[in-house]
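Data block below; observations after.
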Amino acid sequence: RNITATYTNSDVQNELTATYSTKDTSVVSVDNTGKLTAVKPGTTTVTVSTPETDQFIAASADVVYVLNKATADVSFDTSLMKTTDEDVFTLQEPVTTLTSQADIKWTSSNTNVVNISGSGTVQGNISKGQTRLTLTVLANDYYNASSGYYDVMVYSKPSISLGDVSYISRGSKGSSGTWTPVFTDD
């Protein structure tokens, strides 16, 4: 963005050179051509001034500059992620990439299923069950607080065990020996 000095006097032409300044350089900086460079959200005043000459008196104008904090859109491609406790679990990244100015915090609604550090590192192994993983952008100088989540279902491999096998052969119940079919289609 630029800020440009315009003159209501037609006789000014190229007689005056405007100077630019800002009251708070931690919010915005301005160069000698009027180019504004945002530093961080906030409100300040940018002043455009012209010096006194033999022909013109000094003049200045103040412009209020406002840069609002961003609100990050924290959303994910998949609202329900299904996996097993044998798979390597990887967190989903949000659809919109967050900048380095965003302070983030991950949480799990059930740390017995997925235990996650605030920075997004999975701690240990995942376990059978369901949890909600939430990514929160914390309020700071650059961002308003916002959050998004997705659910995770973790399944485990079924455990199968066979007990006693029993059968009926030739009218007798048995649990050992050899099964012999009565009919050829058995």
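Keep in mind that what you see is a predicted model, and the values were worked out from it rather than measured. Only this structure's heavy atoms are used, side chains among them; waters, hydrogens and symmetry mates stay out. We're numbering straight along the sequence, starting at 1.
- When only modelled atom types and interatomic distance are considered, Thr19 and Ser49 share a side-chain donor-acceptor pair under 3.5 Å.
- Counting only distance, with no hydrogens or angles, the side chain of Ser146 and the backbone of Ala72 share a donor-acceptor pair below 3.5 Å.
- Looking only at side-chain heavy atoms (C-beta outward), Val28 and Thr37 stay at 4.5 Å or farther from each other.
- Nearest approach of Tyr7 to Leu16, heavy atoms of both residues: OH-O, 3.8 Å.
- Grouping Ile, Leu, Val, Met, Phe, Trp and Tyr residues whose side-chain heavy atoms lie under 4.5 Å apart, directly or via other members, places Leu80 in a hydrophobic cluster with Met153, Tyr155.
- Remark: side-chain polar atoms of Asn9 are not paired, donor with acceptor, to backbone N or O of Asp11 under 3.5 angstrom.
- Val64 forms part of a hydrophobic cluster together with Val66, judged by ILVMFWY side-chain heavy-atom separations under 4.5 Å.
- By the side chain to side chain contact (heavy atoms under 4.5 Å, CB included) test, Asp77 is found to be paired with Gln92, Val95, residues two or more places apart in sequence or in another chain being considered.
- Under the 4.5 Å side-chain criterion, counting only non-hydrogen atoms from C-beta, Tyr65 is in contact with Val27.
- Lys40 NZ to Leu67 CG: the interatomic distance, rounded to the nearest 0.5 Å, is 11.0 Å.
- Looking at residues two or more places apart in sequence or on another chain, you find a side chain to side chain contact (heavy atoms under 4.5 Å, CB included) between Asn112 and Asn110.
- In this structure, Val30 and Thr22 approach most closely via the heavy-atom pair CG1-N, 4.1 Å.
- Side-chain atoms of Thr84 come within 3.5 Å of backbone atoms of Glu86 as a donor-acceptor pair (strictly under, hydrogens ignored).
- Between the side chains of Thr4 and Asn2, no donor-acceptor pair is found at a separation under 3.5 Å.
- Closest non-hydrogen pair, Ala5 versus Val48, comes out as CB-CG1, 3.7 Å.
- Pairs engaging residues 119-128 under the side-chain hydrogen bond (donor to acceptor under 3.5 Å, both in side chains) rule: Ser117-Ser119 [sequence neighbours left out].
- Between the CD1 atom of Ile57 and the CG atom of Asp54 there is a distance of 13.5 Å, given to the nearest 0.5 Å.
- Rounding to the nearest 0.5 Å places CG of Asn144 at 6.0 Å from NZ of Lys69.
- Taking every heavy atom of both residues into account, Val39 and Thr25 meet most closely at CG2-O, 3.5 Å.
- Note that the OG1 atom of Thr96 and the CG atom of Asp73 stand 4.5 Å from one another [nearest 0.5 Å].
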Original post:
Stepwise, does the side-chain contact (heavy atoms from CB on, under 4.5 Å) test hold for Tyr20 with Ile3?
Top reply: CA-CA 9 Å; Tyr20 305 90; Ile3 188 167; 3.7 Å; yes
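- Judged by distance alone, the side chains of Ser109 and Thr131 do bring a donor and an acceptor atom under 3.5 Å apart.
- For Lys105 (side chain) and Leu138 (main-chain N/O), no donor-acceptor pair under 3.5 Å exists by modelled atom type.
- Rounded to the nearest 0.5 angstrom, Gln101 CD and Asp141 CG are separated by 10.5 Å.
- If you chain together ILVMFWY residues whose side-chain heavy atoms come under 4.5 Å of each other, Met81 ends up grouped with Val74, Phe76, Phe89, Leu91, Leu98, Ile104, Trp106, Val113, Val114, Ile116, Val122, Ile126, Leu133, Leu135, Val137, Tyr142, Tyr143, Tyr150, Val152, Val154.
- Shown here for Tyr149 and Thr134, the closest heavy-atom pair between the two residues is CB-OG1, 3.6 Å.
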